[in-house]
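Heads up: the structure comes next, in structure tokens.
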There are 2 protein chains.
Amino acid sequence: MDALFRRLNYYADLNEDDRTALDGLKYRVEVYESGEEIITRGDDPGDAFIVSSGWAARYIALEDGRSQILNFMLPGDVYDLQVFVSSGADHSVLALNQVKVLEIKRREILSVFDKKGRAGAAFWWCALQEEAILREQIVRNGRRSARERVAHLLLELHRRALISGEGAGDSFHMPVSQAMLADALGLSFVHINRVLRELEKAGALSRKKGWITLERREHLVELCDFRDDYLHLDANPRRLGFNF
Amino acid sequence: MDALFRRLNYYADLNEDDRTALDGLKYRVEVYESGEEIITRGDDPGDAFIVSSGWAARYIALEDGRSQILNFMLPGDVYDLQVFVSSGADHSVLALNQVKVLEIKRREILSVFDKKGRAGAAFWWCALQEEAILREQIVRNGRRSARERVAHLLLELHRRALISGEGAGDSFHMPVSQAMLADALGLSFVHINRVLRELEKAGALSRKKGWITLERREHLVELCDFRDDYLHLDANPRRLGFNF
DNA sequence: CGGTCATTTGACACGGCTCAAGAAACGTGG
DNA sequence: CCACGTTTCTTGAGCCGTGTCAAATGACCG
């Protein structure tokens, strides 16, 4: 519940009532190991899911084995805020490392919405951000070169990892194989590797045991013209300890 | 208002009360000519927008002139159902031909949501569908070849045009230049042209004055393995006069 | 009728893909 | 702790889908 509170509070500066409302939510904790499917296409979950720890990937697989990652889910991210209508999931969610998930009945979430406090608004902010991230993914993969895509995605994930309370400074833990990056960015994993090595050789970043360090963040920013406004972080800018 | 009612009714089989609630909505009609911007990035509209007639494109432009269309808006599509939180638009909307737009105050829309009738549910269904279309756009552009992309997008637009009450049978009016198609599919307009001509020569489709006819729809479906489930049309399948 | 914009086609270049094979990292059981 | 199988990463060679550039043609519009 910490991850959720942290996230919502980041957006909306919650007060006591909001905190109480959130604490009152009844939820179940499920643990998924790396490689397990949290949601499978066609499921009709019935609950909303909140990532409490670990990373997951929303993806769609084509018939012939190709597959595309839609986006990554970090602690505090919510699956299925479209709690008002129920429909079979049109995509799957895969655990990238061990993921703890809070599963909450739709009507529980609705009770928070109904209270019309800041917690409800913060949930909406989450939904708005999630959709904006999808849109940025479209632009990234549609109109950017391989190098730009990699730089842009790393900058996004770095930013989001910081918000989730993971990572420190210019480093963050990224439990994502190069093949997964390829499926996220619409490239081959061979080419992902080449781009990563090139950036590494240029001193822009370094990698070690699943940790990424953005050695020259400004260089990466410039490389892909990264603007973070799509992350809609300005709900409450004072939450962020530094300026980009 | 017809386009909206038609769309919502398609999803939810509205009753008299719902109809009354919708008819009671106060709105303003704005007309935009082809090429005009309905929403400009950075705007904070304050209202929700419903396309009443005509086509529009949501897009994001990069600094250097590249631009990416996120998706197309057809009659009955709604802009900004995230009415509960207000934030600057992170993308723009461009009129592709003459577009009539209903502009509705957020609180008006909220009143329909609050009534908890089927109209509210139908709005949610719209939001769910919109996000699913974005996801499919990611997969299409990320993991499909140029030919598959073109076929897949045409099939989607055909389907959506029929639902909007435009088009007839295998034909529909598509006020979209090849350069726009290119910006939607992450390709160059030269290549779009080649693919279209190829499909045309193969007898899969024909074009005339902005009208597209899917001469061999099944062929196109097979070509890109088109599954229409992402359009979430199953809310009320009987509304559709034919089976795919 | 001229001007502008959209379409079409050819020639050529190149970014990223495929295939292949070796090296490194990782997990597991002994 | 090592040994082993498995997955992931790395690198090279060659190819192909798509981009770029350029120019002609056609469609539309006042």
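Here is how names work: the chains are called A, B, and so on, in the same order as the sequence lines, proteins then strands, and each is numbered from 1.
- When the P atom of C/dC17 is taken as reference, atom CG of A/Asp183 falls 11 Å away, rounded to whole Å.
- Atom P of nucleotide D/dG17 and atom NE2 of A/His191 are separated by 17 Å, given to the nearest angstrom.
- Backbone-only contact: B/Gly186 has heavy atoms under 4.0 Å from sugar-phosphate atoms and none from a base.
- Residue B/Leu187 contributes atom CG, which lies 11 Å from atom P of D/dT20 at whole-angstrom precision.
- Of the two residues near DNA chain C, A/Gly210 and A/Ser188, the one whose nearest nucleotide lies more 5' is A/Ser188.
- Atom CD1 in A/Ile192 sits roughly 13 Å away from atom P in C/dT18 (whole-Å rounding).
- Between A/Gln129 and A/Ile133, the closest side-chain pair of non-hydrogen atoms falls below 4.5 Å.
- Taking a cutoff of 4.0 Å between a charged side-chain nitrogen and a carboxylate oxygen, B/Glu200 and B/Arg207 qualify as a salt bridge.
- Atom CZ of A/Phe72 and atom CG of A/Leu153 lie 6.0 Å apart (nearest 0.5 Å).
- Taking atom CZ of B/Arg149 as the reference point, atom P of D/dG17 lies 13 Å away to the nearest angstrom.
- With sequence neighbours excluded, no residue forms a ring pair (Phe, Tyr, Trp, His ring centres under 6.0 Å) with A/Phe5.
- Whole-Å rounding puts the B/Glu33 CD to D/dG30 C1' distance at 15 Å.
- One atom, CD of B/Glu148, and another, C1' of D/dT18, lie 14 Å apart when rounded to the nearest Å.
- B/His91 meets the ring pair (Phe, Tyr, Trp, His ring centres under 6.0 Å) test with B/Tyr79; sequence neighbours excluded.
- A/Glu198 places its CD atom 11 Å from the P atom of C/dG15, with the value rounded to the nearest Å.
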Nucleic acid footprint by protein, nucleotides 4-14 of chain C - heavy-atom cut-off 4.0 Å, B for base, S for sugar-phosphate alone: ---BBBBB---
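- When only modelled atom types and interatomic distance are considered, B/Asp183 and B/Gln68 share no side-chain donor-acceptor pair under 3.5 Å.
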